[in-house]
Amino acid sequence: MRGRTFLLLVTLAAAVAAPSLGQTINNRASASIPDFSGVWSHPFLTGFEPPASGPGPVTNRARRPDGRANFQRLVGDYTNPILKPEAAEIVKQHGDLSLAGMGYETPSNQCWPGGVPYIFWDFLLQMFQEPDHITMVYRQGNEVRHVRMNQPHPARVTPSWYGDSIGRYEGDTLVIDTVGIKKGPFAMLDMYGTPFTDRLHVVERYRLVDYAAAKDAIDRNEKENTHAGLGWDFDPNYRGKVLQLHFTVEDEGVFTTPWTSTISYRPSVDPWPELICAENPRDFNHEASRVPTADKPDF
């Protein structure tokens with residue numbers, strides 16, 4: 001009887017001390033997930049970094065004396081071979097407005113959701129990682145994306161401002177696949193007015209890389225885009241890990257081929273700002289803006 005009791009106690013102790021197979025796998029999986037927490041800064045306009053080679057995003061034909069893109073005059077390069085003729089004409093029309101000093105409406109200056117990849121221009125990003133979902137918050141509090149982890153897209157996607165985003169980890173890389181971007185009154189996927197259709201498909205790959213590995217993209221960015229610090233900047237002497245986003249965009253209704261770009265984030269040295277984009281009842285041309293209205297309250 002004493003021998004049986006002893007064996008039972010030993011068995012129970014072993015069961016308590018040793019985790020189950022499922023627990024071991026979960027612990028190992030959690031340990032391998034990269035930590036993207038913190039406030040990440042990329043204060044450049046208009047943001048998209050040209051690739052080292054291959055098809056890349058529409059860039060600005062208007063240049064400052066130092067050769068960088070002139071954010072005060074947005075004239076998209078409608079000759080970029082990624083654009084189909086109809087899309088090239090739309091980009092050209094937006095550029096003609098800018099050259100005429102009139103400007104044009106964008107999701108940013110109208111306080112509308114920008115969608116993906118438009119939102120990638122924004123200066124700040126925070127990522128909150130949970131096992132079943134990821135929340136991505138951009139510089140202004142109303143710019144929020146939700147990514148479902150390890151789930152498929154539904155058979156029928158309901159279009160939404162930031163689309164249906166699903167994610168997974170591939171080793172040290174977070175991969176996010178987005179479809180179903182809703183088209184609003186200022187629908188464009190960059191600040192140059194490049195249009196998109198319901199076939200827009202964006203794949204993002206986030207990875208922490210050494211500064212040396214990111215330096216080529218950082219240098220290309222600084223040659224192309226205008227730095228816009230003041231409140232959301234990074235330490236120029238920082239040489240630690242860089243959060244690098246590499247994204248691919250395809251839309252057979254607009255582009256002749258898929259194209260790629262990068263965003264190289266560094267840790268922000270400034271606290272998270274408290275900002276909100278509020279619609280103005282008047283546009284910059286003094287006409288009534290297209291602020292959503294209703295005949296009666298919806299509450």
Side-chain angles (χ1 to χ4, degrees), residues 46-51 54-61 74-98 103-122 136 138 142-148 151-168 175-206 245-263 289-290 292:
T46 56
F48 295 180
E49 300 168 355
V58 171
T59 55
N60 200 343
R61 292 169 65 95
L74 299 176
V75 185
D77 184 6
Y78 56 87
T79 66
N80 189 324
I82 67 170
L83 296 171
K84 288 188 173 181
E86 298 84 355
E89 180 59 28
I90 292 173
V91 172
K92 184 178 185 300
Q93 290 171 2
H94 282 82
D96 289 345
L97 288 172
S98 188
Y104 50 83
E105 297 163 321
T106 69
S108 301
N109 62 35
Q110 297 302 302
C111 297
W112 280 69
V116 177
Y118 184 93
I119 191 63
F120 298 160
W121 78 267
D122 212 341
M136 306 175 79
Y138 295 85
N142 57 320
E143 299 173 327
V144 180
R145 296 175 60 198
H146 301 281
V147 181
R148 294 176 292 110
Q151 297 289 326
H153 290 297
R156 188 171 183 176
V157 176
T158 301
S160 57
W161 292 120
Y162 292 101
D164 186 72
S165 295
I166 56 175
R168 67 184 184 276
V175 181
I176 299 176
D177 187 289
T178 301
V179 296
I181 305 294
K182 183 177 181 178
K183 294 186 68 176
F186 317 108
M188 57 185 71
L189 56 73
D190 58 27
M191 289 193 181
Y192 305 111
T194 304
F196 63 87
T197 71
D198 57 3
R199 285 176 281 180
L200 176 62
H201 179 206
V202 182
V203 177
E204 305 153 62
R205 303 181 71 88
Y206 293 86
L245 161 61
H246 180 279
F247 64 95
T248 302
V249 178
E250 54 184 341
D251 185 336
E252 294 180 353
V254 172
F255 303 117
T256 59
T257 183
W259 55 269
T260 65
S261 181
T262 54
I263 303 288
S289 65
R290 283 179 270 183

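Model, not experiment: these values are computed from the prediction. We're numbering straight along the sequence, starting at 1.
- Counting heavy atoms from C-beta outward, Asn60 and Val75 have side chains that approach closer than 4.5 Å.
- Among residues two or more places apart in sequence or in another chain, the ring pair (Phe, Tyr, Trp, His ring centres under 6.0 Å) test is passed with Phe196 by none.
- The line from CZ of Phe186 to CD of Gln110 is 4.5 Å long, rounded to the nearest 0.5 Å.
- Using a 4.0 Å cut-off between charged nitrogen and carboxylate oxygen, Glu89 and Lys84 do not count as a salt-bridge pair.
- Looking only at distances, a side-chain donor or acceptor of Ser261 sits under 3.5 Å from a matching main-chain atom of Glu49.
- Looking at every heavy atom in both residues, Pro50 comes nearest to Pro57 through CA-CD, 4.5 Å.
- Looking at residues two or more places apart in sequence or on another chain, you find no side chain to side chain donor-acceptor pair (under 3.5 Å) involving His246.
- Nearest heavy-atom pair across Val254 and Ala87 is CG1-CB, 3.6 Å.
- For the residue pair Asp77 and Thr59, no side-chain donor N or O sits within less than 3.5 Å of a side-chain acceptor on the partner.
- Note: Phe48 and Trp259 have tilted aromatic rings, judged against thresholds of 30 and 60 degrees for the angle between ring planes.
- Just one residue in the list Arg148, Arg205, Arg168, Met136 forms a side chain to side chain contact (heavy atoms under 4.5 Å, CB included) with Ile176, and that residue is Met136.
- Side-chain atoms of Val91 and Leu83, non-hydrogen and from C-beta on, do get closer than 4.5 Å to each other.
- In this structure, Trp121 and Met191 approach most closely via the heavy-atom pair CD2-CE, 3.3 Å.
- Without hydrogens or angle criteria, Ser98 side chain to Leu74 main chain gives a donor-acceptor distance under 3.5 Å.
- With rounding to the nearest 0.5 angstrom, the CD atom of Glu250 is 12.5 Å from the OG1 atom of Thr256.
- Lys183 contributes atom NZ, which lies 7.0 Å from atom OG1 of Thr197 (distance to the nearest 0.5 angstrom).
- Side-chain contact between Phe255 and Val249: present, with at least one pair of heavy atoms (C-beta onward) separated by less than 4.5 Å.
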Residue pair Trp161, Trp112: steps toward the side chain to side chain contact (heavy atoms under 4.5 Å, CB included) verdict
CA-CA 9 Å; Trp161 292 120; Trp112 280 69; 3.6 Å; yes
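- When the ring pair (Phe, Tyr, Trp, His ring centres under 6.0 Å) test is applied to Tyr192, no partner is found at least two apart in sequence or on another chain.
- Residues Ile82 and Pro55 share a closest heavy-atom pair of CG2-CB, 3.8 Å.
- Shown here are the side chain to side chain contact (heavy atoms under 4.5 Å, CB included) partners of Pro81, two or more places apart in sequence or in another chain: there are none.
- The main-chain N or O of Tyr118 is never found under 3.5 Å from a side-chain atom of Asp190 such that the two would form a donor-acceptor pair.
- Residues meeting the salt bridge (charged side-chain N to carboxylate O under 4.0 Å, His left out) test with Asp177, sequence neighbours left out: none.
- Note that the OG1 atom of Thr79 and the NZ atom of Lys92 stand 11.5 Å from one another [nearest 0.5 Å].
- Between the side chain of Asp198 and the backbone N or O of Val179 there is no donor-acceptor pair closer than 3.5 Å.
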Kindly determine whether Arg145 and Val116 satisfy side chain to side chain contact (heavy atoms under 4.5 Å, CB included), including the steps that lead there.
CA-CA 10 Å; Arg145 296 175 60 198; Val116 177; 3.6 Å; yes
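- In this structure, the side chains of Pro107 and Met188 come closer than 4.5 Å at one or more pairs of heavy atoms.
- Smallest separation of non-hydrogen atoms from Thr178 and Gly163: CG2-CA, 4.1 Å.
- When side chains are defined from C-beta on, Tyr78 counts as touching Arg61, because their heavy atoms get closer than 4.5 Å.
- What you find for Asp164 and Pro154 is that their closest heavy atoms are OD2-CD, 3.4 Å.
- The backbone N or O of Ile119 lies less than 3.5 Å from no partner atom in the side chain of Asp122, so there is not a single donor-acceptor pair.
- Here the NE2-CG distance, from His201 to Asp251, works out to 11.0 Å after rounding to the nearest 0.5 Å.
- Put simply, the side chain of Ser160 does not reach to within 4.5 Å of the side chain of Pro113, judged on heavy atoms.
- Between Leu200 and Leu189, the closest side-chain pair of non-hydrogen atoms falls below 4.5 Å.
- Listed by chain and residue number, nothing satisfies the ring pair (Phe, Tyr, Trp, His ring centres under 6.0 Å) test with Tyr206 (two or more places apart in sequence, or in another chain).
- In this structure the side chain of Phe120 reaches within 4.5 angstrom of the side chain of Leu245, judged on heavy atoms.
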